[in-house]
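Just so we're on the same page: letters track the sequence lines, and every chain starts at 1.
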There are 2 protein chains.
Amino acid sequence: MPRRATIYDIARLAEVSPGAVSSVLNGTWAKRRISRMTADRVNRIAAEQGYAVNFQASMLRRERSHVIGMIVPKYDNRYFGAIAERFETMARARGLFPVITCTRRDPDLEFEAAREMVSYQAECLVVTGATDPDRIAALCHAAGVRAINLDLPGRLAPSVLSDNFDGALRLTRLLVRRTEADFGAPVPLWFVGGRVGDNNTTERLRGFHAALAEAGRSAEPSHIVTPGYSSAPVAAELGRAAPAAPLGIFANSTIAVEGVMRVVAGLPDPAGVRMACFDWDPFAALLPQMIAMARQDVEGMLARLFALIDGEECPAAARTEIPCILELAPRPSGRAAG
Amino acid sequence: MPRRATIYDIARLAEVSPGAVSSVLNGTWAKRRISRMTADRVNRIAAEQGYAVNFQASMLRRERSHVIGMIVPKYDNRYFGAIAERFETMARARGLFPVITCTRRDPDLEFEAAREMVSYQAECLVVTGATDPDRIAALCHAAGVRAINLDLPGRLAPSVLSDNFDGALRLTRLLVRRTEADFGAPVPLWFVGGRVGDNNTTERLRGFHAALAEAGRSAEPSHIVTPGYSSAPVAAELGRAAPAAPLGIFANSTIAVEGVMRVVAGLPDPAGVRMACFDWDPFAALLPQMIAMARQDVEGMLARLFALIDGEECPAAARTEIPCILELAPRPSGRAAG
DNA sequence: CTGAAAGCGCTTACAG
DNA sequence: CTGAAAGCGCTTACAG
């Protein structure tokens, strides 16, 4: 493996000192009163040699690393994928070096990944959807790294969340209204997916109950099916509960929709199902059963996140809830009311 | 910002030399014949201090960085999201440090990101779906970094691809067979999405034509609609071409499906459309028009990719095409034949 | 206008 | 069984 060119190689070729090369290449040459002629020569030779600075050496020497870390449960998911993508773009726009790693909802991997971010000398770590954000915040604080929670809240660092209660409330109101309109009378409403104890599920469940209460109704406990976030257990548990159409379903995440649809496909009357989903997917929106989706406002969340990052103040108590965007599904032509 | 603990801090507290601390913490203490008692003490104190090694310093000093880079067009996409996620998992399993960055199909960003990977001292760069992979490979080679292309091929580095021709051939055969069965006679077949000149579109188009030729048919040039990979131009151009049902559509990517569905929704008879899609999405599979999807074999592709990475040999000519997995869409109960 | 020099935090051959 | 020391490639105050 041919050794990469260093500032010493460039210095030799340009017949200047390594220090001068360094300041030309990192743009501080004017401040150091190096002549433009020298700067041009050094830049030309560096380009010819395909020189690329060694980040390890450069970051070691500099006072600040400008590294900003993010851990995220998954990439393979519209919501978290959009978060990761937008995070990178916004970090780069600020001259920061984003380092993202995906922790697959594994608590140990989350913690190890956070440690790794400390090792990368991250100045700030965005902890997205972590199962135990406070454990990570403690690790960060011990190392002098700012932590900010995203998507799921913690007590030891500020949190930027979706307004899960409000989104679920509005979604459930729609579900109540549309099922009554389509079927001519109240039908059983189910809440499917997620895990009780998880903050987001708790908040959405609260919104679900509140909307039912507004309508003078209450939820049947056996219609709350929360076996987690993957689709197989959702399909299994919902299948055992044997729902009968007509009915309405609040799907707590698009992954839950995958499970729900397997059960719905087996029903004698799939057209007797109406569904609302917390989270958004363009194709799920085209399902004939879908009436609305609560799209989490990724841009709004990240705007708030970077406002916290840009401002130094980060009170641990700060907690921002960003409203979701309610997307009505197109009403398929073939679907009759009632 | 409190300074992070260093090996010097631990050394002082444990009353040993910094060198001894270093070898205890990186596991080479047995080789250096340091006593277990000393090692235990150092480990305990390091844990108490929340010590985390400084990667910049450690990687600078070591001979190898163990960093492995990947550039990827998007995270917010089932296919590329799955690639990024699996890449991280497999790299970690090998003790490597994956660094991924998302380049949003921007040629300049791709090149800048590749430069950045060289600066991170990456030993290898996986170039995924790049618009100009050879420009990046040249940069890598100049810096002594191995490059491997994924998803789109280049001439200067080995390439791991989907077997686009074969996948499109099988998908089109299905489309021919199912439209003839459902409508009782051959109907117009359209190819929608992607860009002519792009390797993958070219190969899939070749498969499309080959399957038509097998059936003794040929494609109408005006039925090839390839205005790129985003959904808005697909909807616009397909809308202008005003397709009439009954018809069959080969959608070149799930993003194309989004555009196609906007047009289909406006047709007098959406049920007169059959669609096959290159690429997979669980919800797109549930569209009533969808008959089959070609799921790219991400696991198979990455297995091959890491076989190249693990083995030192990387002949630039090497080109592997991994077969796609054909997923038949569930046949909706409400859909009548003919 | 530019160079010599110290030092970032680590690793590892070498000496004992 | 352990320490002293050199050096990875850079940056930047300091001296001239």
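- Salt-bridge annotation for K74(A) and E85(B): present, with a side-chain N of the basic residue lying under 4.0 Å from a carboxylate O of the acidic one.
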- Report the C-alpha distance between Y51(A) and D9(A) in whole Å, list the side-chain angles of each, state the deciding distance to 0.1 Å, and finish with yes or no for side chain to side chain donor-acceptor pair (under 3.5 Å). CA-CA 9 Å; Y51(A) 176 82; D9(A) 301 318; over 6 Å; no
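- Here the side chain of D134(A) pairs a donor or acceptor atom with the backbone of L156(A) at under 3.5 angstrom.
- Residue S22(A) is classed as a base contact, given a heavy-atom separation below 4.0 Å to a base.
- Proximity of S58(B) to the phosphate of dG9(C): no side-chain N or O atom is located under 4.0 Å from OP1 or OP2.
- Side-chain contact check for Y79(B) and D151(B): at least one donor-acceptor pair (N or O, by modelled atom type) lies under 3.5 Å.
- Listed nucleotides dT11(D), dG3(D), dG9(C) differ in distance to A20(B); the shortest reach to its side chain belongs to dG3(D).
- At the heavy-atom level, F55(B) lies nowhere under 4.0 Å from the strands shown.
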Report all interatomic pairs (protein N or O, nucleotide N or O of nucleotides 13-16 of chain C) with separations under 3.5 Å.
unit_1  : atom_1 : unit_2 : atom_2 : d
dA13(C) : N6     : R32(B) : NH2    : 3.2

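- Because its NZ or CZ atom is not both nearer than 6.0 Å to the ring centre of Y229(A) and within 45° of the ring axis, R195(A) does not count as a cation-pi partner of that residue.
- A salt bridge links R319(B) to E321(B): one of the charged nitrogens lies within less than 4.0 Å of a carboxylate oxygen.
- For Y75(B) and F80(A), the ring centers sit 6.0 Å or farther from each other.
- Remark: the R61(A) side chain and the dG9(D) base include no donor-acceptor N/O pair separated by less than 3.5 Å.
- Aromatic rings from F97(B) and F55(B) are positioned such that their centres are separated by under 6.0 Å.
- Two residues, A57(A) and E63(A), neighbour DNA chain D, and the one matched to the more 5' nucleotide by heavy-atom proximity is A57(A).
- Between the side chains of T101(A) and E88(B), at least one donor N or O lies within less than 3.5 Å of an accepting N or O.
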- Query: Once Watson-Crick and G-U wobble pairs under 3.5 Å are found, how is DNA chain C written in dot-bracket notation, 5' to 3', with | for any base paired to another strand?
  - Reply: |||.||||||||.|||
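- Atoms CD (Q56(A)) and C1' (dG9(C)) sit 13 Å apart, rounded to a whole Å.
- Here dT12(D) presents its P atom at 13 Å from CE of M59(A), a figure rounded to the nearest Å.
- T28(B) comes within 4.0 angstrom of no nucleic acid atom, judged by non-hydrogen atoms across all strands.
- For a distance-only test at 3.5 Å, the side chain of Y8(B) fails to qualify as a donor-acceptor partner of the base of dC8(C).
- Not one N or O on the side chain of Q121(B) forms a donor-acceptor pair closer than 3.5 Å with the backbone of Q56(A).
- Protein atom CD1 of I10(B) is 13 Å distant from nucleotide atom C1' of dG9(C), rounded to whole Å.
- Put simply, N26(B) has a side-chain N or O that comes within less than 4.0 Å of OP1 or OP2 on dT11(C).
- Computed from coordinates, the R62(A) CZ to dG9(C) C1' distance equals 17 Å when rounded to whole Å.
- One finds a side-chain N or O of Y51(A) lying less than 4.0 angstrom from the OP1 or OP2 phosphate oxygen of dC10(D).
- As rounded to whole Å, 12 Å separates atom P of dG3(D) from atom CD1 of I7(B).
- The side chain of S17(B) places an N or O atom within less than 4.0 Å of a non-bridging phosphate oxygen (OP1 or OP2) of dG3(D).
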